[in-house]
Amino acid sequence: MKIKYFLIIIISLFSSCKGQNRTVPVWAKFFDKKEYNFFIDIIEEYFKQKNFEISINDGVVIVENGDFGLNNLGLVNLAQICKQENRNVWKEIVSDHFNRMIEANEFQTDFNKKIKDFEQIQKYIGVRLYHKEYIEAVGKENTVYKELTDEIVELLVFDLPHTVTSIKPENVTAWNKQTKELFDIGFKNIKSNYPLEISQQDMKDYKIWLIQSDNVFASNILLDKKDLKKYIGKHGALIGVPHRHAVIIYPIENLEVAKAINSLIPIIKGMNNEGPGSISDRLYWYKENQLINLPYNFLDNKLQFYPPDNFVSMLNELKKED
């Protein structure tokens with residue numbers, strides 16, 4: 001009996017050390033070493049149970065055998081979601097995530113049979129904002145998009161029950177539709193299907209508007225010029241689009257904006273790092289329907305702010321009004 005218990009202890013110790021020597025890569029920098037190894041162990045165990053052989057490279061699961069539907073599966077958003085939850089639910093989160101991908105692949109197979117029939121599929125057309133790195137990864141030739149800023153793009157997508165996928169140029173050609181019409185349809189579909197949660201938050205020294213959504217379309221508020229006007233001040237607004245679930249808006253009315261700049265930048269940067277669905281860590285000035293970048297960096301943990309000349313001119317106007 002003692003030998004049996006001894007063996008159980010050895011096996012238990014071996015299991016608990018599984019994968020502990022992995023180094024945390026840059027794409028998972030929000031994890032500590034223990035968290036990262038625990039996360040990767042769960043990923044590997046999931047695919048092992050499904051009899052799929054995988055390798056993991058630079059935040060991507062590569063399925064080496066069988067038909068999972070997609071052979072290259074990004075891990076960054078999934079990892080960000082897990083990071084924000086207790087570790088005892090990570091296994092469930094991972095299983096749900098990949099099970100939905102399997103279901104999405106089954107739906108996609110049926111959907112592809114009718115993809116050329118515009119009348120049947122137009123209700124699935126949507127638009128979504130991404131960082132430009134997304135279309136560079138997918139391939140610009142495989143997407144239909146418009147540039148909102150030099151780093152944020154508005155992408156034409158299929159909003160399917162289990163996933164959001166890019167609409168390809170050949171789809172547009174098959175429908176014989178103008179892209180402007182499709183973007184208009186996509187915007188209206190998403191606005192109708194996904195109401196936003198909008199609240200005013202007291203930040204102690206100032207107040208902001210926080211636009212949130214459990215779905216991935218919170219940032220679409222930036223495409224809604226009519227509704228956006230409700231949250232814009234006399235001199236425009238400071239705007240942050242850290243990730244797919246939130247937009248921060250500070251209406252500019254007076255010199256209080258200086259306090260907002262100093263505290264919103266680290267908030268936006270932190271939210272962007274946490275994700276999921278990171279879009280931008282920039283602070284923008286919304287003025288006359290344009291998003292103008294307000295550059296900054298941190299030097300020795302001190303914020304360095306480099307506003308463009310027109311923003312400085314606006315601040316000088318506020319000083320005269322004060």
Side-chain angles (χ1 to χ4, degrees), residues 8 11-63 66 68-107 128 130 134 159-165 194-197 199 201 210-219 242-247 267-279:
I8 290 173
I11 292 169
S12 176
L13 287 171
F14 177 79
S15 298
S16 67
C17 294
K18 187 171 73 169
Q20 293 302 305
N21 290 324
R22 302 187 192 96
T23 301
V24 180
V26 174
W27 68 265
K29 59 185 178 182
F30 41 82
F31 279 147
D32 61 32
K33 188 172 183 180
K34 184 176 289 187
E35 288 172 333
Y36 175 71
N37 282 285
F38 184 69
F39 175 74
I40 296 299
D41 285 345
I42 292 173
I43 299 295
E44 291 181 343
E45 182 63 25
Y46 173 86
F47 284 97
K48 181 180 179 181
Q49 290 179 355
K50 298 286 185 182
N51 294 318
F52 286 108
E53 296 177 7
I54 65 165
S55 58
I56 299 175
N57 182 35
D58 198 23
V60 177
V61 172
I62 301 169
V63 181
F68 188 77
L70 292 172
N71 291 329
N72 296 323
L73 312 168
L75 289 177
V76 177
N77 288 338
L78 177 59
Q80 288 174 328
I81 292 170
C82 286
K83 174 65 177 180
Q84 296 177 29
E85 301 292 341
N86 192 293
R87 282 172 59 178
N88 61 13
V89 297
W90 286 16
K91 186 173 182 178
E92 180 182 351
I93 291 171
V94 168
S95 294
D96 287 348
H97 175 81
F98 288 117
N99 287 343
R100 285 198 304 271
M101 294 187 77
I102 294 172
E103 293 171 2
N105 182 55
E106 292 171 353
F107 181 90
R128 179 181 167 186
Y130 288 87
Y134 176 81
D159 175 31
L160 304 178
H162 304 288
T163 188
V164 176
T165 62
Y194 303 103
L196 298 173
E197 180 186 333
S199 61
Q201 302 288 318
L210 181 61
I211 289 80
Q212 300 181 89
S213 179
D214 289 335
N215 60 66
V216 299
F217 300 106
S219 58
H243 54 64
R244 66 194 186 191
H245 298 294
V247 173
I267 290 172
I268 292 167
K269 188 172 180 62
M271 291 175 67
N272 177 255
N273 286 338
E274 290 178 2
S278 300
I279 296 179

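None of these values were measured; they are calculated from a predicted model.
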| task | Please tell me if the side chains of Thr163 and Phe107 come closer than 4.5 Å, counting only heavy atoms from C-beta onward. | result | no
| remark: In short, salt bridge (Lys or Arg N to Asp or Glu O under 4.0 Å) pairs touching residues 80-98 with sequence neighbours left out are Glu35-Lys83
| Ignoring hydrogens and geometry, is there a side-chain-to-backbone donor-acceptor pair from Gln84 to Gly275 under 3.5 Å? | yes
| said: I want to check something: taking the side chain as every heavy atom from C-beta on, are Arg22 and Asp41 in contact at a cut-off of under 4.5 Å? | reply: yes
| How many angstroms lie between atom CZ of Arg100 and atom CD1 of Ile102, to the nearest 0.5 angstrom? | 11.5 Å
| message | If we ignore hydrogens and angles and just use 3.5 Å, is the side chain of Ser278 paired with the main-chain N or O of Asn272 as donor and acceptor? | response | yes
| field | Any donor-acceptor pair under 3.5 Å from His245 side chain to Val216 backbone | value | no
Would you give me the side-chain donor-acceptor pairs under 3.5 Å for residues 47-55, sequence neighbours excluded?
| from | atom 1 | to | atom 2 | distance (Å) |
| --- | --- | --- | --- | --- |
| Gln49 | NE2 | Glu45 | OE2 | 3.1 |
| Ser55 | OG | Glu64 | OE2 | 2.7 |

| said: With rounding to the nearest 0.5 angstrom, report the CD1 to CD1 distance, Ile93 to Ile42. | reply: 8.5 Å
| task | With the side chain counted from C-beta on, respond yes when His162 and Glu106 share a heavy-atom pair under 4.5 Å apart, and no when they do not. | result | no
| For the residue pair Pro276 and His243, what are the closest heavy atoms and their distance? | O-CB, 3.3 Å
| Looking at CG of Asn215 and CG of Leu196, how far apart are the two atoms once the value is rounded to the nearest 0.5 Å? | 7.5 Å
| query | Given side chains that start at C-beta, do those of Val94 and Leu78 come closer than 4.5 Å, heavy atoms only? | reply | yes
| note | Shortest non-hydrogen pair, Val164 vs Arg128, comes out as CB-NH1, 4.1 Å
| request: Could you label the plane-to-plane angle of the Tyr134 and Tyr130 rings as parallel, tilted or perpendicular, counting under 30° as parallel and over 60° as perpendicular? | output: parallel
| query | Are Asn99 and Tyr46 side-chain neighbours, meaning at least one heavy-atom pair lies under 4.5 Å? | reply | yes
| From CG (Asn72) to CG (Asn57), nearest 0.5 Å | 9.5 Å
| query | Given side chains that start at C-beta, do those of Phe98 and Ile43 come closer than 4.5 Å, heavy atoms only? | reply | yes
| said: How close do Ala246 and Leu210 get, counting heavy atoms only, and between which atoms? | reply: CB-CD1, 4.5 Å
| message | How long is the straight-line distance from NE2 of His97 back to CD1 of Ile81, given to the nearest 0.5 Å? | response | 7.0 Å
| task | Would you please classify the geometry between the Phe39 ring and the Trp90 ring as parallel, tilted or perpendicular, with 30° and 60° separating the classes? | result | perpendicular
| query | Got a sec: does the CG of Asn86 have more than 12 other heavy atoms crowding it under 6.0 Å? | reply | yes
